[in-house]
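We name chains A, B, ... by the order of the sequence lines, and we start the count at 1 in each one.
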Amino acid sequence: MTTNTPRVRFAPSPTGQLHLGGARTALFNWLFAKHHHGKFLLRIEDTDRQRSKQEHVDQICESMLWLGLTWDEGIVYQSKRLDIYQKAIQSLLKTDNAYRCFCSKDDLSRQREEAQKRGDGYQYNQACRNISEDVIEQKLSSSTPFTLRLRVPEKVITFKDRIYGEINVNTSELDDFIIARTDGHPTYNLVVVVDDDDMGITHVIRGEDHISNTPKQILIYDALVLPTPEFAHLPMILGPDKRRLSKRHGATGVQEYRDMGYLSEALNNYLALLGWNPGTEEEIFSLPRLTDVFSVEQIQKKPAVYDEKKLQWVSGQHLFKLSGKELMTGVRSIFPDWQKNEEDTYIENVCELLKLRAKSLTELKNISTYFFKDPKSYEEKAVRKRWKNDSVNSLVKQLLDELTSLENWTESGAEISLRKVAEEEGVSAGKLIHPVRLALSGVSAGPSLFAMMKLLGKETCLRRIETALGKLPTL
RNA sequence: GGCCCGUUCGUCUAGUGGUUAGGACUCAGGGUUUUCAUCUCUGCAACAGGAGUUCGAUUCUCCUACGGGCUACCA
């Protein structure tokens, strides 16, 4: 009965896009499976016909693929397994673990409202728990709609959570909860149990919001005489206001992070750090490395607050590790037409030169514009500081002449020329470097000027310097 | 309201019955750099509160406070 290789699953309901919390749940499941050489399965919980949408299924799958969280077997759709749930339902009815409840929805919600008004906790009054066969026959023959409720026994349910430890719940806190609706469709707690058993799930790793569902599910496992899997509940991810992460905290969808230019590996890395730590001071992980060091024991109990600043830092760390070629490919994965007319080698060199200065692919793209187009304007503040008056023009003109005659256009060649002019004119190199940077890029910040010059090429540099001489210092 | 879970710098976290309570991000300042970024150094900053156990509690127990989750014919 005991299997050595764990089988875990991620079971989103397709009522929206994959968000950060879901992504982390998927990631932890995936890491657990891979770490133990087990299987990671995907199940779509689409029994809510109204809210489930195929586009969300597609979006979720796409997001998971982008994150690199691939699933090992075919996707299980609950909507296609209705007959299997029926069998479980019939069996529960036959064994008297479930009973028909003929109470109307309206009556029940009225009772609930009244209980709430009194400030009491509502529980189903078990009106139908022990009605006689005769009454049942009568209701059935008159086609009175009914739901099926689990006959919850009186006991204390104990289970061991891999993260929270032992949890005890007295069933007196539980309803005879509904396991099948009036239309015969099963409800969540029932399908989860049937599916998890059917899929051979050994470890249920899910959000902490399911912790209170667990005793209910254990009751169903027992009623169905099925072995219970192990449980591990993950703490929630909170927004900066300490409330559950949601739209009002800005981006929450995985795809939005991709579109903002974050690398999937960086997002995985950051998500892993939210509620988990390796037990060492290592912080930057590739997915394989994460798989190696991951362990459920290091997962935190308390909810973690999402911090975009740290995500950005992690992202920058990952970005820096990529080659120019990988970065170019990355930017084009978001902006397919990015610099399509340029030489790949040139773009790669640009990326290589700028990667230390970008936290995301989008930022990388944004700060690279002047490598592809002459600056249209010049940063005003920088002009005031670096190109105060016409004396700068004569200085730059000197350099322009020197550069024009420079035959060997290299980084050091450019540097030697510039320093030579500066020395001849009796000024510090900075007096020349800053204005030239402005002329070439239009901005005051950027990589080494001489590396820039080398990359831009002689022709472009001369042209831009000439243009600037004509436009500055007048704005 | 009831039940379950939690509480170390602003945030992510390490940690122990006796520690100067450590690291990372952020922020501030210094150094390096032609600028920015990187890098580096320094600084700011935490054991929720109260009892109890103990020679000694951040660490163990209880209570309170606060936070989160659940309390559907949603999942």
*asked:* Counting neighbours of CD on A/Glu423 that are heavy atoms of other residues, nucleotides or ligands and sit closer than 6.0 Å, is the number greater than 12?
replied: no
*Counting side-chain heavy atoms from CB outward, which of B/U26, B/C12, B/A75 is closest to A/Val305?*
B/C12
_If I pick the P atom on B/A48 and the same atom on B/A14, what distance separates them, to the nearest angstrom?_
14 Å
_Under 3.5 Å, is there a donor on one side chain and an acceptor on the other for A/His318 and A/Tyr270?_
no
*Compare the minimum distances between each of B/C12, B/A75, B/C73 and the side chain of A/Ile178, then state the nucleotide with the smallest one.*
B/C73
Polar atoms only, N or O, under 3.5 Å: list the protein pairs with nucleotides 4-9 of chain B and their distances.
| from | atom 1 | to | atom 2 | distance (Å) |
| --- | --- | --- | --- | --- |
| B/U8 | OP1 | A/Lys302 | NZ | 3.3 |
| B/U8 | OP2 | A/Lys302 | NZ | 2.8 |

*Between B/C73 atom C1' and A/Arg100 atom CZ, what is the distance in whole Å?*
16 Å
*So which one's nearest nucleotide on RNA chain B is more toward 5', A/Ala429 or A/Gln116?*
A/Ala429
*Charged N to carboxylate O below 4.0 Å: is that the case for A/Glu283 and A/Lys310?*
yes
_Which nucleotide in B/U34, B/C25, B/C73 has an atom nearest any side-chain atom of A/Thr147_ = B/C73
*Write down the distance separating the C1' atoms in B/C9 and B/U26, rounded off to the nearest Å.*
12 Å
*Of the listed nucleotides B/A75, B/G68, B/U35, the one nearest the side chain of A/Thr47*: B/A75
*Determine the Euclidean distance between corresponding C1' atoms of B/U13 and B/A72; express it in Å to zero decimal places.*
37 Å
*Among the nucleotides B/U13, B/U38, B/A24, which one has an atom lying closest to any side-chain atom of A/Ala304?*
B/U13
*Intermediate values then yes/no, side chain to side chain contact (heavy atoms under 4.5 Å, CB included), A/Gln78 and A/Tyr85*: CA-CA 9 Å; A/Gln78 292 188 324; A/Tyr85 308 132; 3.4 Å; yes
*Once you apply the 3.5 Å cut-off to both distances, tell me the Watson-Crick or G-U wobble partner of B/U7, or none.*
B/A65
*The side chain of A/Arg419 lies closest to which of these nucleotides: B/U34, B/C12, B/C73?*
B/U34
*Give none if B/C70 has no partner; otherwise give the nucleotide forming a Watson-Crick or G-U wobble pair with it, both distances under 3.5 Å.*
B/G2
*Specify the separation, in whole Å, of atom CG of A/Asn277 and atom C1' of B/C12.*
9 Å
*Given RNA chain B, 5'-ward residue of the pair A/Leu238 and A/Tyr306, judged by closest heavy atom*: A/Tyr306
Could you pull out the protein-nucleic contacts involving nucleotides 42-49 of chain B (nitrogen or oxygen on both sides, under 3.5 Å)?
none

*Grab the NE2-P distance between A/His434 and B/U35 for me, whole Å please.*
6 Å
*asked:* Strictly below 4.0 Å, N to O, side chains only: are A/Arg81 and A/Asp198 in salt-bridge contact?
replied: yes
_I'd like to know if A/Arg151 pairs up with A/Asp176 as an ion pair, taking the criterion as any Lys NZ or Arg NE/NH1/NH2 lying under 4.0 Å from an Asp or Glu carboxylate oxygen._
no
_Residues forming a side-chain contact (heavy atoms from CB on, under 4.5 Å) with A/Pro215, sequence neighbours excluded_ = A/Ile157, A/Phe159, A/Val169, A/Leu174
List every contact pair, protein side and nucleotides 57-61 of chain B side both N or O, where the distance is under 3.5 Å.
none

_Separation between the P atoms of B/A28 and B/G52, rounded to whole Å_ = 45 Å
Identify each atom pair where a protein N or O and an N or O of nucleotides 28-32 of chain B are less than 3.5 Å apart, giving names and distance.
none

*What is the distance from NZ of A/Lys321 to C1' of B/U38, rounded to the nearest Å?*
15 Å
_Flag if over 12 foreign heavy atoms under 6.0 Å of NZ, A/Lys431_ = no
*Take atom C1' in B/U8 and the same atom in B/G23, then report the distance between them in whole Å.*
13 Å
*Residues which pass side-chain contact (heavy atoms from CB on, under 4.5 Å) with A/Leu356, listed by chain and number, not counting sequence neighbours*: A/Phe320
*asked:* I need the CZ-P distance between A/Arg206 and B/A75, as an integer number of Å.
replied: 14 Å
*Can you tell me the distance, in whole Å, between the CD atom of A/Gln123 and the P atom of B/G1?*
17 Å
*asked:* Quick check on B/C73: is either OP1 or OP2 less than 4.0 Å from any side-chain nitrogen or oxygen of A/Arg112?
replied: yes
*When you measure from the side chain of A/Lys310, which nucleotide among B/C3, B/U38, B/C25 comes out closest?*
B/C25
_Base of B/U34, side chain of A/Ser448 - is there a donor-acceptor contact under 3.5 Å?_
yes
*Return the nucleotide paired to B/G43: Watson-Crick means purine N1 to pyrimidine N3 with N6-O4 or O6-N4, wobble means G-U with N1-O2 and O6-N3, both under 3.5 Å.*
B/C27
*Which whole number of Å gives the distance between the P atom of B/A57 and that of B/G17?*
15 Å
*Can you check the A/Arg49 CZ to B/A75 C1' distance for me, whole Å?*
15 Å
*For the rings on A/Phe294 and A/Phe28, is their centre-to-centre separation under 6.0 Å?*
yes
*asked:* Say we look at B/G29 and B/C44: how far apart would their C1' atoms be, to the nearest angstrom?
replied: 11 Å
*asked:* If you go through the side-chain atoms of A/Thr182, does one of them form a donor-acceptor pair with the base of B/C73 closer than 3.5 Å?
replied: yes
*Out of B/C12, B/U34, B/C70, which has the shortest distance to the side chain of A/Phe450?*
B/U34
*asked:* Counting only side-chain heavy atoms from C-beta out, which of B/U13, B/C36, B/C70 sits nearest to A/Arg357?
replied: B/C36
*For A/Arg129, does the CZ atom have more than 12 heavy-atom neighbours from other residues, nucleotides or ligands under 6.0 Å away?*
yes
*Between B/U26, B/U34, B/A75, which nucleotide gets closest to the side-chain atoms of A/His210?*
B/A75
*What is the distance, rounded to the nearest whole Å, between atom CG of A/Leu440 and atom C1' of B/U35?*
13 Å
*Whether A/Tyr257 and A/Tyr262 hold their rings parallel, tilted or perpendicular, with breakpoints at 30° and 60°*: tilted
